[in-house]
Amino acid sequence: MTEKYNAAEVEPRWQKVWAERDIYRAHDDSDKPKFFALEMFPYPSGRIHMGHVRNYAMGDVVARYKKAQGFEVLHPMGWDSFGMPAENAAIATGGHPKDWTYNNIDEMRAPMQRLGFALDWSREFATSDVAYYKEQQRIFLKFWEKGLVYRKTAKVNWDPVDNTVLANEQVIDGKGWRSGATVEQRDMDQWFYKITHYAEDLLKGLDGLDRWPEKVRTMQANWIGKSEGLQMRFEWDGGKFEAKFVDTEKTLENRVIPNLAEDKQYYNLAKLWVGGEYPTGVEVFTTRPDTLYGASFLALSPDHPISKRLANDGYDHADHPVKQMHDKSASSIEVETFLKECAKIGTSEEAIAQAPKLGFDTGFRVKHPFIEGATLPVWIANFVLMGYGTGAVFGCPAHDQRDLDFARKYGLPVTAVVLPDGEDAATYEVGTEAYTGEGKLFNSGFLDGMNKNKGIKAATYKITEMGLGESVTNYRLRDWGVSRQRYWGCPIPVIKCGTCGSVPVPEDQLPVELPYDISFETPGNPLDHHPTWKSEGVTCPTCGKAAERETDTLDTFGDSSWYFAAFGGSLSADGMDWDAASKWLPVDQYVGGVEHAVLHLLYARFFTRGLIDCGLLDLSHSNLAPNPIGNEPFAGLFTQGMVTHATYALADEKIDKDKWVLPEDVDENDDGTFVHLPTGRPVLKGDIIKMSKSKKNVVDPDEIIKGYGADVARWFVLSDSPPERDVEWTESGVIGAWRFSKKVWSVVSDTTATDGPMAVASEASGDALELRKLAHRALDKLTTGIEVFRFNTSVAQIYELTNALSKYKGQDAARMEALGILIRAIAPFMPHLAEECWSKVGGEDLVYHAPWPVVDPAMLVDDTITLPLQVNGKRRSELTIPKDMPKDEIEKLALADEAVLRSIGDATVRKVIVVPGRIVNIVAK
RNA sequence: GCGGGCGUGGUGGAAUUGGUAGACACGCAAGACUUAAAAUCUUGUUCCAGUAAUGGAGUGCGGGUUCGAUUCCCGCCGCCCGCACCA
């Protein structure tokens, strides 16, 4: 008699056993090889969603599987708990961000534990824990010491209503996402992490990450954006730059930051203004010096120091009379107006990219380096980016589309210097399309006749020889601005002294703790207008004078850049063990969403390098073996797809946000249309998209656990779709998973054999042997499926094995062997069911502690094989023969096959191809 | 614009050193059990023709290489993702 399986009773019972026996604790001093399984930790929004379930279920499969393979597994969980939503909730509801956050964590921990993940909860922490951010402040100071932290003025998105800096992602169509105010570009003093210091290493490191998705590696490589080229100077024509200024007393505000001096990209700019000296020319970066002869103008970024200097004061274009000494000249006002015009265009990258080209002729001219006597006008152009290269370019309209658009608009000359193959130098002209391909150089003096590459080399050599420039490598990657004018984040451990400048808080005074008594009444950063925190009793650690605290907090992406190490180091109120962290790292398998492909995963790689250089981490060895992948935090990465669900919208509702309805309230009519049951209004089926509260297409994991059990929820999210693709949540799919769990249980409870689940039926024959073969074949495939992250194929094998077992009548060792394989195979997916089955069939100890079943290779080969027979590539018949039959005999049998003969008909056999163990193909014409 | 990926039955998908296309599941249909339903079990299910045996077509489209192509190559079409004036 089949007993009923009651997940609601079974699951909590086993969870209690697991917790009491503390089986998921990872031991630092284990003598087994280590395996660090990690999923991207959650933000405590208050609810877990199906995306979490899928993410952690995948990691759990790996963790449990590796445990069964004999590894010491670390599989921890924590909370990425600093961030804006807590502050927003506090502003909206009047609560406190801290209370909101920690309540949410408690709300989320419980359902997560109900899912039965093999997590070492003893290592749990939240990034908003004082102990965590204290350690982070230490790291900040160590990075500072190492030169990886600096302060500079940078352009930021400023929300004038909320009085805070916004990240780029928080600016939507040029407006603040919360206030709706038009965002301004502002120069502000900001703290930066010098991620560019590792640009080359971060790029090179990608090569070794062969267990990362290619896509993520490509995205990071593009983000780092290495390009090699020539940085060169165009010298002023007709005297010095300064001659154009009425008032040379005034110098531009000193933008030079001392510890930036070694940073090449900024050095050349900074150099221009040191001590008020004026630049002798304009520095540009180019990857196409071969086209220098086609240059027709120079373009400066609106943010270029020269542009700003011109707008700033005293600049007098030769054609304008000076109005009054020390007042703004007419020319400066013109420039200023133009720069404002450029700033208006918007902040989104796309808006900038599609904006029309704007230019302003400064009236300055520079000398062409190769053509004696030739000069080029210097323009300010909105399409030149300050953040890349030197913030200035030479324009070669014939061979660059942007330059061409610009030249056509402002009537600048277009001179072709690269001749495409098959074109005639006498007649070749560039119209509206710039030519960027290969070709022979012409109109180019000493470069004439060379191809592109040769031309680049020759021009670079010449410029270098002339002392005007040198080869440089440029990166698109920019330093990471980490200052946030927010409360709920890690305080930057710095004291600002009027005399000594920015001074680190001494280590023995850490942590700089967040005050609890804050107010969100006034807009802006609560830390800044806290009555006492900023300055009461604060003195400069260096000179002892009264001073002020830095009130900015660190970008929360910093929190997630080293948390994996904190797990390994068992971070607690007493600090953490960095040596232990070093032994656990790198993370062997990391699982998370692809949305972090660049930001989080790049920042974490940067932090790891910084932590190594500061002596905190040493990744040269894991606990037992040398580490082959170098200074990387994540040896294996898997990016999983989302959980999607159908959406339904009222057909007659005009207001977008009001139109979505709950899928369970929708019913399908006989004619295939849909109706909203509570109101009777017509409904249209929308796209199948990621579960989202606002679209009302969410399914609460806790409801599924209550209705079907945790195992079913876990099984479903892993079963149908490949892990990297999205999986659509459907009611029928869940019911299917639920039925399967019952089927497994019925197979187990129908078993009366007593050999135990570790049985090996070595004497099996007949049906028993067939079952053994099927079981081992399934085991082989499903194991591979887990190894290569194709859980859906593992699931299919488990289905096959279960189906075979449910049909198998014998109560013998072969049944037990297959059952033992099945139970251990489903354990990573449905651990509660597996545990219950294991105990039911007399398994020793827990299935969690049972070793992974071993494939018997003898079971994978058959004595007889079935070969398909093809005639002219089409399958006509098949042949069952002993596996070692010689080729010529196979050929003979194939040619005697009735169906084959029929297909050949009157044609003559030209060739017979026999691929042993694979196929026979007969070519007949 | 640049970069990456994908395209297979009614549906999710399987199949890789090139060798039986459609495993497994969902759905659907028929049957068994049942007063009935649910559950469960059995059988069938790529399309077209045929009662069937069988024949033909078939992995987005068009070509190519090959005895043989979902797989490799070339050219299109469509969808998705990332970056986006990077000089």
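Keep in mind that what you see is a predicted model, and the values were worked out from it rather than measured. Naming: A, B, ... by sequence-line order, numbering from 1 per chain.
- In this structure, N921(A) reaches the bases: a heavy-atom distance under 4.0 Å links it to at least one base atom across the strands shown.
- If you check every strand for non-hydrogen atoms under 4.0 Å, R910(A) touches nothing.
- Among the protein residues, V915(A) comes within range of the nucleic acid bases, having at least one heavy atom under 4.0 Å from a base atom.
- Only the C1' atoms considered, A69(B) is 14 Å distant from G63(B), to the nearest whole Å.
- Counting non-hydrogen atoms under 4.0 angstrom, V384(A) reaches a base of the nucleic acid.
- Backbone-only contact: N803(A) has heavy atoms under 4.0 Å from sugar-phosphate atoms and none from a base.
- If you check every strand for non-hydrogen atoms under 4.0 Å, N792(A) touches sugar and phosphate atoms only.
- Counting only N and O atoms by type, the side chains of E200(A) and Y475(A) include a donor and acceptor under 3.5 Å apart.
- Counting any heavy atom pair closer than 4.0 Å across all strands shown, R918(A) reaches sugar-phosphate atoms only and no base atom.
- Of the C1' atoms belonging to C47(B) and G9(B), the separation is 8 Å, rounded to the nearest Å.
- For the residue pair S227(A)/N474(A), the side-chain donor-acceptor check at 3.5 Å is not satisfied.
- Along RNA chain B, the nucleotide nearest K911(A) and the nucleotide nearest I919(A) are compared for position; the residue whose nucleotide lies closer to the 5' end is I919(A).
- In this structure, the ring of F716(A) has its center no less than 6.0 angstrom from the ring center of W738(A).
- Base-pair partner of A25(B): U11(B) (Watson-Crick or G-U wobble, both distances under 3.5 Å).
- Between the side chain of R402(A) and the base of A87(B), at least one donor-acceptor pair of N or O atoms lies under 3.5 Å.
- To the nearest whole angstrom, the two C1' atoms, one in C6(B) and one in U59(B), are 14 Å apart.
- As the counterpart of U51(B), no nucleotide is assigned, since no Watson-Crick or G-U wobble pattern has both distances under 3.5 Å.
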- Trace of the side-chain contact (heavy atoms from CB on, under 4.5 Å) decision for I798(A) with F740(A): CA-CA 10 Å; I798(A) 291 172; F740(A) 174 70; 3.7 Å; yes

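- No close placement of the F297(A) and F394(A) rings is indicated, their centers lying 6.0 Å or farther apart.
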